[in-house]
Amino acid sequence: MGRRDCQPSQRACGRGDLRYRCRALTGSRDARSVEVEMAAGLPCGGAGHRILIENSEYWLRNYGDLAMLDVTVRRLQQRWPKARIGIMTESPALVSAYFPGAVGITVGDRDPWGSPRAAERLAAELGPAVVGPAAVAWLRARAWLLPRAIRARDRIRRMVGSRVAPPLSAGRTAQVARVLSTGGSGGVAVGTETVSRIVTRHPGAARAVREASLVLALGGGYLTDADIPQAGRALELLEYASDAGIPTAMVGQGLGPLRDPELRKQAARVLAKLPLIALRERRRGPALLDSLGVAPDVVTVTGDDAIELACDVRKHQVGTDIGVCLRIAEYSPVSRHAQDCVGVAIRRAATEFGALLVPLIIAETPGSPDRRTTLPLVRGSANAVAPVGGFVHPSVVAEQVTRCRVLVTGAYHLAVFALSHGIPVVGLTSTEYYDDKFLGLADMFGGGIRLIQLDDSHLGERLAVAIRDAWGEAETVRDALRTRADEQAAASRQAFERLFALLERTHVEHV
């Protein structure tokens with residue numbers, strides 16, 4: 001795969017002065033000026049360029065993550081309509097179904113930027129509602145079979161007295177390191193240890209990075225002690241890209257808690273190399289990055305990137321229903337007693353206010369099955385409505401939130417959707433991780449969230465009061481919350497302008 005430095009040509013592309021398009025953002029500008037700048041881009045619309053997105057959830061089963069991904073892909077396509085966009089995933093078919101034209105890339109891909117296969121082209125035509133059930137069934141089957149197959153293989157090898165050969169020889173590792181350090185990845189030497197880890201374990205991701213023009217880590221709350229495997233995976237990929245000389249950045253990040261010594265050490269080493277880190281909150285993130293030695297001029301606070309998607313589906317009228325979602329996961333434990341208390345409180349509130357109960361689903365991953373933990377809360381209530389089906393577009397979930405006057409949720413991105421609509425939130429939490437999520441969100445919106453601890457001995461009483469108070473203030477807080485949402489969406493777009501400039505100042509085409 002060849003690479004060549006691409007110099008902009010106004011005559012060839014008719015795109016105007018690149019100096020205007022690439023200038024760094026300084027000062028404040030209104031949303032219209034940001035939109036005008038986002039219409040600019042690389043010469044020839046970005047043809048020959050590849051943007052790799054480190055997706056925060058590889059199964060594409062979290063509508064909050066999908067909302068951030070949708071906004072990110074749309075912005076990239078608007079800026080660089082002819083660039084190729086690759087999304088790290090375990091299901092290229094689902095990527096094609098949700099984002100026709102994007103490339104789903106797995107960690108084991110042999111040709112990550114190759115032409116879409118027949119199954120992916122068909123998935124793009126059919127859409128996620130059709131493709132999703134079969135795709136996830138395969139992912140679940142593979143997740144069950146793979147560890148058992150590995151154990152069986154190892155037992156057979158032990159029985160015949162063989163030993164497991166290293167996936168990549170020392171000579172091959174050194175060869176790859178030499179390739180990367182002599183122009184194959186931007187002319188910057190990459191440490192042999194990093195090359196060995198990435199190339200042996202995730203060769204598809206490694207090649208995708210080496211052949212990318214820009215690597216972007218999607219927003220999320222994964223750089224935390226609560227998700228060390230995912231945090232380590234993302235940091236490793238970013239370090240590999242940065243050391244290979246590929247422009248690299250992070251957007252929409254919610255950081256911490258981060259106390260694990262090894263994870264902190266890795267984060268300090270990697271994050272200090274990045275030219276742009278956009279945070280979704282300012283309560284914890286900036287101080288944490290400062291403690292890790294990240295330069296302040298690299299950091300900007302924008303709010304959550306999913307806010308823009310929610311703003312796109314706003315309704316003029318105030319909602320009349322009560323939305324509910326209870327997140328139960330390893331990182332968000334909830335006792336049986338607390339589950340019962342939440343169910344009783346929301347059903348009584350619905351009766352008191354003559355409201356319908358709307359079960360809202362944000363995550364459908366094996367570790368965070370919101371549908372399974374939320375539907376029992378409304379079961380048996382005469383006021384309950386049916387939830388949305390599986391494999392919908394994230395805007396469908398965001399639009400369903402608009403029918404609510406109050407939202408009771410243990411899921412962060414439902415709170416993002418609600419506050420962006422101007423709807424007050426009762427946040428359910430049982431861990432510091434979710435305390436930080438909701439308090440950071442409240443700080444960005446100037447309020448709008450009442451935090452309820454799920455291990456409170458007076459949970460039922462406190463939750464009833466919180467719902468009643470939120471119901472009463474719904475019309476009062478609406479405009480202020482919406483204004484804060486608009487401000488954050490504009491700040492997020494401005495951060496993307498800085499991101500675009502990373503590539504547009506000096507860019508490399510793949511031909």
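In this chain, numbering begins with 1 at the start of the sequence shown. This one's a predicted model, so the numbers in the text were calculated from it and none came from an experiment.
Considering Val385, Leu407, Val388, Val401 in turn, Val385 is the only one that fulfils the side-chain contact (heavy atoms from CB on, under 4.5 Å) rule with Val358. If you run salt bridge (Lys or Arg N to Asp or Glu O under 4.0 Å) between Glu364 and each of Arg140, Arg372, Arg61, only Arg61 comes through.
Contact annotation: the side chain of Pro359 never approaches that of Cys325 to less than 4.5 Å [non-hydrogen atoms, C-beta and beyond]. Between Ile53 and Leu76 there is a side-chain heavy-atom pair separated by less than 4.5 Å. A heavy-atom distance below 4.5 Å is found between the side chains of Thr365 and Glu57. Within the 4.5 Å cutoff, the side chain of Val251 has no heavy atoms near those of the Thr302 side chain. Between Lys437 and Leu441 there is no side-chain heavy-atom pair separated by less than 4.5 Å. The shortest side-chain heavy-atom distance between Val107 and Met88 falls under the 4.5 Å cut-off. Using a 4.5 Å heavy-atom cutoff, the side chains of Thr72 and Leu216 are in contact.
Atom CZ of Arg269 sits in a crowded spot, with more than 12 heavy atoms from other residues, nucleotides or ligands closer than 6.0 Å. Counting heavy atoms of neighbouring residues, nucleotides and ligands inside a 6.0 Å radius, atom CZ of Arg314 exceeds 12 of them. By the 6.0 Å contact criterion, NZ on Lys265 is open, its count of non-hydrogen atoms from other residues, nucleotides or ligands being 12 or less.
Proximity of a side-chain donor or acceptor of His421 to a complementary backbone N or O of Ile423 within less than 3.5 Å is not detected. Using modelled atom types, one side-chain atom of Gln230 and one backbone atom of Ser56 make a donor-acceptor pair closer than 3.5 Å. Panel note: side chain Tyr98, backbone Val392; a donor-acceptor pair is recorded below 3.5 Å. Tyr63 contributes a side-chain N or O that, together with a main-chain N or O of Phe391, makes up a donor-acceptor pair within less than 3.5 Å. Of the possible donor and acceptor atoms, one in the side chain of Glu281 sits under 3.5 Å from a partner among the backbone N and O of Gly285. At least one donor-acceptor pair closer than 3.5 Å links the side chain of Arg405 to the backbone N or O of Trp471. Gln253 places a side-chain N or O within 3.5 Å of a backbone atom of Leu218 that can act as its donor or acceptor partner. The backbone N or O of Arg280 lies less than 3.5 Å from no partner atom in the side chain of Asp304, so there is not a single donor-acceptor pair. Using a distance-only test at 3.5 Å, with no hydrogens or angles considered, no donor-acceptor pair links the side chain of Thr106 to the main chain of Thr89. No donor-acceptor pair under 3.5 Å is formed between the side chain of Ser332 and the backbone N or O of Ile328.
Residues Ser420 and Arg484 have side chains that never bring a donor and an acceptor to within less than 3.5 angstrom of each other. Side chains of His393 and Ser395: a donor on one and an acceptor on the other come within 3.5 Å. A donor and an acceptor atom, one from each side chain of Arg264 and Ser291, are located under 3.5 Å apart. Side-chain contact, Tyr222 with Arg233: no donor N or O sits under 3.5 Å from an acceptor N or O.
A salt bridge does not link Asp443 with Arg283: every distance from a Lys NZ or Arg NE/NH1/NH2 to an Asp or Glu carboxylate oxygen is 4.0 Å or more. Salt-bridge formation is detected for the pair Arg493/Glu308: a Lys NZ or Arg NE/NH1/NH2 atom is positioned less than 4.0 Å from an Asp or Glu carboxylate oxygen. The existence of a salt bridge linking Glu473 and Arg478 is excluded, since no basic side-chain nitrogen approaches an acidic carboxylate oxygen closer than 4.0 Å. The residues Arg74 and Asp70 are annotated as salt-bridged, a charged nitrogen and a carboxylate oxygen being separated by less than 4.0 angstrom. Salt bridge Arg462/Asp456: present, at least one basic N to carboxylate O contact under 4.0 Å. Between Asp370 and Arg327 there is a salt bridge, since at least one side-chain N of the basic residue sits less than 4.0 Å from a carboxylate O of the acidic one. Here Arg347 does not pair with Glu352 in a salt bridge; the nearest charged N to carboxylate O distance is not below 4.0 Å.
The aromatic rings of Tyr434 and Tyr331 sit parallel to each other, their planes meeting at less than 30°, with 60° as the upper class boundary. Taking the six-membered ring where tryptophan is involved, the planes of Phe500 and Trp80 are perpendicular, since the angle between them exceeds 60° and thus also 30°.
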